[in-house]
Amino acid sequence: MAAMNELLRPEEPVKVALIGAGNRASTLYGPLLPDLIDWVQVTACCDPVAEHREAMAAALGARPYADVRDLVRDEIAEAALVVTPVPSHFGYSVYLSSHGVHNMTETSWCSLVDQGREMIRLADDNGVVVRVAENFFRFECDRFAQTVKDSGFLGRIGRIFSYADHTGYHNNSRWIRLYGHPTSCQSITHAIDTPSFRSQPHRFHRGETFGANFFTFADGELVSDQLANGKGFLGRHPRPGYTEWQGDRGTLLCRAADPRPSGDGATSAFTAPGLQLRRCSDAGIDPEKGVETIRAVADEIIDVAHEDEDGSWTRTYADTSAGRIEYASPFRCSTYRQARTDYGPAAMSHIVDFALAVRGLQVSEFDAHDALMSLMMCVGCDESARNDGRKISLPLDGDTETETEERAALTHQHGVDPMDVEGMIAFSYARP
């Protein structure tokens, strides 16, 4: 793999506006963007909260704006990174696209399938790139899983079992990246009452709902994706949970370590995963049936090696009987630090992917139609669960009860139709 100084670079960095200067923008994008100056140059920062936009603009050497319409009018940016709450994504994306500004929004891409279709239509009509800032399939375990799949070491990887990782939009994107677009989905849910608790200032819980999602793909693959809650609350399995990529000759296994509380009872929502390859070697010819066989129990078990450099993930590899299987991350974070050392490189990857797509230098790993399918998978699973696990064909065609209810809920919450672009960008999405 290429080192960071060997990555494809545009002749000129893409001039971008950072739309949103809240928690995610300040804690993730802010520290990472200076390391990506060869690809993106932040020229503007937009946020309705003066304190946020002024601080972010000063840190990035950009011009502060309170209103995206003023930013667009000044023609200060050719592209935008939209890091705002999900309900605002549609309004910002369509407004930017209609004015010829390329845009990439955080996940989830938008709230409604109709919004996603309109985002694609407006981008196509105006010749701009629209993308979703999806980083989950860029994490270490998925990058290595793709490498193992391509190597053929485990044979054909025809099934994935995932528990307690992150069902929903992010995981849907992981399965799309590995298998392509699914042909159907099914889902069941189960709710139990629990003592109330608050996981974040804006997230209050009065119970817990378990979901089991199943996806089928054109070549016969199956994904089973299950979750009780996404952060390991109530003593559940911590993220990134337990996942198997099951091949016909063995399994790639990823499992989180068991977190232990600190003295004040607090635990991390994420614990570093361990990766292991488990392969069944050749056994020879069955003398009774005269057919080729393999060993029934895995006899080649390899703990996959993980390497960091100054707190930034650099490579993952396993030395196997068939040679070394390795994925090397080309990105290095100079200042961004988190317990999960692959988080920064993963986010850097989707920003660079977007910039190179804007310049026409590289086909995106995950395009707008992939982003829309991830949302369709969410809606399809909701529709299946409300209909006792009925199989739903994908892509979705026509309106669903799930979408109709979501549109009504968004209209009630914001006082404006969620398809109303001006109304949605005028609404304040400030969080506690």
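- Applying the ring pair (Phe, Tyr, Trp, His ring centres under 6.0 Å) criterion to Y179, with sequence neighbours excluded, gives F217.
- Partners of H414 under the ring pair (Phe, Tyr, Trp, His ring centres under 6.0 Å) rule, at least two apart in sequence or in another chain, are F427, Y429.
- Listed by chain and number, the residues in a side-chain hydrogen bond (donor to acceptor under 3.5 Å, both in side chains) with R249 are D282 (sequence neighbours excluded).
- Remark: I192 pairs with H190, T194, E208, R236 by the side-chain contact (heavy atoms from CB on, under 4.5 Å) rule, at least two apart or across chains.
- Shown here are the side-chain hydrogen bond (donor to acceptor under 3.5 Å, both in side chains) partners of S334, two or more places apart in sequence or in another chain: D35.
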Could you tabulate the donor-acceptor pairs under 3.5 Å formed by side-chain atoms of residues 285-292, not counting sequence neighbours?
unit_1, atom_1, unit_2, atom_2, d
D286, OD1, E288, N, 2.9
D286, OD1, K289, N, 3.4

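- With hydrogens and angles disregarded, a donor-acceptor distance shorter than 3.5 Å links the side chain of R337 to the backbone of C333.
- For residues 127-137, no pair satisfies salt bridge (charged side-chain N to carboxylate O under 4.0 Å, His left out), with sequence neighbours left out.
- With sequence neighbours excluded, no residue satisfies salt bridge (charged side-chain N to carboxylate O under 4.0 Å, His left out) with E406.
- Partners of P31 under the side-chain contact (heavy atoms from CB on, under 4.5 Å) rule, at least two apart in sequence or in another chain, are T335, Y336.
- For S393, the side-chain contact (heavy atoms from CB on, under 4.5 Å) criterion is met by no residue, not counting sequence neighbours.
- Looking at residues two or more places apart in sequence or on another chain, you find no salt bridge (charged side-chain N to carboxylate O under 4.0 Å, His left out) involving R278.
- The backbone N or O of V94 sits nowhere less than 3.5 Å from a side-chain atom of S97 that would complete a donor-acceptor pair.
- Here CZ of R386 is found 4.0 Å from OG1 of T402. Values are rounded to the nearest 0.5 Å.
- Here R24 pairs with L28, Y29, V83, E106, N135, Y343 under the side-chain contact (heavy atoms from CB on, under 4.5 Å) rule; sequence neighbours left out.
- Within a 6.0 Å radius of CZ in R324, more than 12 heavy atoms belonging to other residues, nucleotides or ligands are found.
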